[in-house]
Amino acid sequence: MKKLKTTVLIIGGGATGTGLLRDLALRGIDALLVEQKDIAHGASSRFHGLLHSGARYAVKDPNAARECIEENLILKKIAPTCVEETGGYFIELNSDDPAYTAKWLDGCQKAGIEVREVDPNHLKREYPLLTKEVKRVFEVPDGTVDGFRLCWANVWQAEEYGGRYLTYHQLEGFEKQHGRLTAAKLRSSLTGEEVFVEFEVAVNAAGAWAAEVAQLAGVKVNLLQNKGTLIAFNQRIFQKVFNRLRPPSDGDIWVPHHTITILGTTSVNVDNPEILRPTPEEITKLLEIGKELIPEVLELRMLRAFAGIRPLYLGEESNSQDSRSISRDFVIIDHEKNDGLKGLISLVGGKLTTYRLMAEKTGDYIGKLLGIDRKSKTSEIPLTPALAVEEKNRIARRYIVRAPKIEERLKGVTEEKQVLCECEGVTVAEIKEVARWEDTHNLEDLRRKTRLGMGTCQGLNCAHRGLGVAFTELLEKSQEPLEQLKEFLKNRYAGQKHLLWGEQLREAELLTGLYGCNFSLFGGTDDV
Amino acid sequence: MLKDISLETLNHCAKCSTCTANCPVAKVNPDFPGPKAVGPDWLRLSLNAETKVDYPEGIEYCSNCKNCEIACPSGVPVASLNQLTRAEKLKKKGFRLREKLFANPRLLGRIAVNFAGLVNFFTKIKIFRLIGKTLFGISENISFPAYAHKSFSRWFGSYRQKVNKPKNKVVYFPGCFTEYNKPEVGEALVKILNRLNYEVIVPEFKCCGQPAIGNGRLDTAQEFAHFNLSQLKKYVKDGTPVLFSCPSCLLTFKEEYGGLLGIEEAREFVPYFYEAGEFLRGLQEIDKLLECEPIEGKYAYHEPCHLKASGVGTPGLELLNEVAVNKIVPLDAGCCGLSGSYGLKAEKEPITEAIGQNLKKAIDRHAPEALVTECGMCGVQLNNVSGLPVYHPLELLAEKITKES
């Protein structure tokens, strides 16, 4: 058994956890983050990738709107390579209520969100796919954010400041002494090795799994697991975020995310965080609503559907089931105050756009608990360098502190310049280098860091090639390379199978045939 | 037009890479990343600023041979997409004199045909070729198609067609190669058709536009297309078939006018377009003519890529085999590599040569005494690699079936 010691143990490697790790590390507070799978595998990547301007909350939740715009501006400043300053449109259709538009404009002004009205004809010309029903259009400073990249950027910067992290470590239980949690028992899900971590404070930042973590400590966190389903289209349809100008509802956000466009979301309550299956009803609903903006939406090729869980905090005794009315605010629960249990804080609710603020407030709270009075530096110290969204900066933007080695390889060996994943433009050098990293444990991790297999082919060409070129490196991992390929294909198929019609069905059949014939893997379809 | 092609591409491309595997250029030239990379992949990545490059690197190396489109199992207009992108890139870079000249073979032909002896002589002289290379970037070694001393139109103008009443009519589009380089092909067709009681009409035409497309001059191609279509209108309205002896002209009329060039009405003309051999083979009366003196000798046949892309099969070869003593075997060696004016450009010369190696091997294996192909420029390359005489199927057929018995 491995024994570790830390001042703060952070449970959960999403935006909340990694944000806190960075916050604490920059304050010089010793912290260790543990994550059951890979960084950002949960809701931090299973969302639409929208960096809110706050305009969406301008009417319903002025406080959230204000926080959003403030954090939006901070993130654009400190993490320019994780965000894309696309801007966004709010679109009022002829069928929408103009009274809402008036209220919305007022709300935006009060929250300090810059709004500029745009000529709807200009938009119709630029996007012929758009409905003719567009009445008024407003531009707001929405952006997009890459959840994987942001979370890793937090982790890597924290590491430079002494922060530590363990991925693929499952929490199995806590040690309790005199009404205080003192240690956690973890087990590596890759090697089975047990790890014992002593701490002064543990922070439950497990997102959708926060109730389960609390339960292991013998306390209760009242969460509503709210599933949001999204559809990824094969191409970048818009260059800006497109929002419907109406009270927040299903299917009213379109986000251009790298090479694809994401349409979301639905809002369905589920029993546990592992229920991530989009249902046919949700998909039909999204597309029906999507049609209002793009009448020929069914003509566009869809790659996959996926879902994430919003963990909404219900408070002490609330049993509200109307998820859209529950505040998206975050809450810091000190279990000493709530349950008389010392040494555990739960951090629940919130949204990705305000993850930094959440970390700052939690950092302040922990500092007070530990008697360490140091200010948060997360809004001042840049998380990533200021590099414009350009092809020549692609490597530096994506791999941040770890980019130089890849750039070196690209300058050196000609073979490594070859594009391996053609849909996403990922080179051999990236695959080989990222596969070497200690925090890359398999092809799936490789995908999350590079975008390998996230494009049109969904692994048809790139999965076996990736396995091939990085075989030596992947052989060092605890999972058999062929098992890694199997898992990779299984996950690619899991997203596609909800949308298997038209072109994507052909793609999946081709993929199944290819891997079935050559690897006996059937493109992951035999295992789902 | 680009919007339609983009959307089709983004929706239909399965990223299977079959197009790249079938690309003759990608096979021999590592600087060409292949039709998929410069086409569908680039298109998708170019919408995203982080992966966007203005124009795909190496797209100049596409020869528009159409093998990618033939191979694509998803019906993506890969080659068309690539011609559009390449044309845009060339336009931005500025056209060289070379591209402007090659884009309109009619202009060159009209002059050269009057000084054929001189032109043919000079294009064989090393020093002039060297000058051509230095000044214009024109290949120094690949032989130029020789010009005829008398154009097809001049011959046709003075030729008295022998047709019995009642006569059937067809329109014939000779194309620039027949017009200025090898009028024998047109003459052969006219004579055969006359024997079948068809009167041939040859209205005034411009170049089909394929060389203009290949040289990135899409405006020029469009201008030609509109002119040619307007010349054809009244005949097509009466249901008169339009015949082509050149596969590239045929493909341009059939596919590029309505597709790449986006001329909607061109699609309505398509049912009237025939490859000459295709038309002849469809006539019952041809059977009797084929009972002629047999073709002796050992020939091998090369199938032009644009004939393949036209989707008519190899009717010329089949007609020949009806009368040939020795079965004429297809070389089955893929693209010839010359691809019209493509191979005449200095930087493309090594590519053309490398692709042509397959042809050379196949010819060596079959050891024919002469070669047969429909495409004039393929013929130039066949002759380049083998030194053997090259015939259009119509020439060989005409020689036998129009012989007065």
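Each chain gets a letter, A, B and so on, in the order the sequences are listed, and its residues count up from 1.
- Most heavy-atom pairs under 4.5 Å with chain B: of the set A/Ala388, A/Cys423, A/Pro256, A/Cys457, this distinction falls to A/Cys423.
- With a 4.5 Å cut-off on non-hydrogen atoms, B/Ala37 does not touch chain A at all.
- Around the NZ atom of B/Lys360, the shell of radius 6.0 Å holds no more than 12 heavy atoms that belong to other residues, nucleotides or ligands.
- Two residues are said to be in side-chain contact when any heavy atoms from C-beta on lie closer than 4.5 Å; B/Leu7 and A/Gln235 meet this criterion.
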Fill in: salt bridge (charged side-chain N to carboxylate O under 4.0 Å, His left out) between B/Lys15 and A/Glu503, intermediate numbers included
CA-CA 11 Å; B/Lys15 303 277 177 179; A/Glu503 300 301 343; over 6 Å; no
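- Atom CZ of A/Phe233 sits about 10.5 Å away from atom CG of B/Asn11, to the nearest 0.5 Å.
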Item to complete: Apply side-chain contact (heavy atoms from CB on, under 4.5 Å) to the pair B/Asn48 and A/His257, showing each step before the final yes or no.
Response: CA-CA 8 Å; B/Asn48 173 33; A/His257 197 76; over 6 Å; no
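- Counting only distance, with no hydrogens or angles, the side chain of A/Arg301 and the backbone of B/Cys13 share a donor-acceptor pair below 3.5 Å.
- Neither side chain, A/Arg394 nor B/Thr51, offers a donor N or O lying under 3.5 Å from an acceptor on the other.
- When side chains are defined from C-beta on, A/Ile237 does not count as touching B/Leu47, because their heavy atoms never get closer than 4.5 Å.
- There is no contact between A/Asn393 and chain B, counting heavy-atom distances below 4.5 Å.
- Interatomic distance, B/Cys16 SG to A/Leu514 CG, rounded to the nearest 0.5 Å: 10.5 Å.
- Between A/Arg236 and B/Lys52, every side-chain heavy-atom pair lies at or beyond the 4.5 Å cut-off.
- Nearest heavy-atom pair across B/Ser17 and A/Arg465 is OG-NH2, 4.1 Å.
- Within residues 412-422 of chain A, the residues approaching chain B closer than 4.5 Å by heavy atoms are, in numerical order, A/Glu422.
- Within the 4.5 Å cutoff, no side-chain heavy atoms of A/Glu391 are placed close to those of B/Glu50.
- Neither the backbone nor the side chain of A/Gln458 comes within contact range of chain B; no heavy atoms are under 4.5 Å apart.
- For the atom pair CG (A/Leu300) and CG (B/Leu10), the distance works out to 9.5 Å, reported to the nearest 0.5 Å.
- Contact of B/Ser46 with chain A is not made at all, since no heavy-atom distance falls under 4.5 Å.
- Considering CG of B/Asp41 and OG1 of A/Thr259, their distance stands at 11.0 Å, rounded to 0.5 Å.
- Only the backbone of A/Glu299 comes within less than 4.5 Å of a heavy atom of chain B; no side-chain atom from C-beta onward does.
- Within 6.0 Å of NZ on B/Lys133 lie no more than 12 heavy atoms contributed by other residues, nucleotides or ligands.
- For A/Ile395, no part lies near chain B; criterion is any non-hydrogen pair under 4.5 Å.
- Within a 6.0 Å sphere centred on CD of B/Glu140, heavy atoms belonging to other residues, nucleotides or ligands number more than 12.
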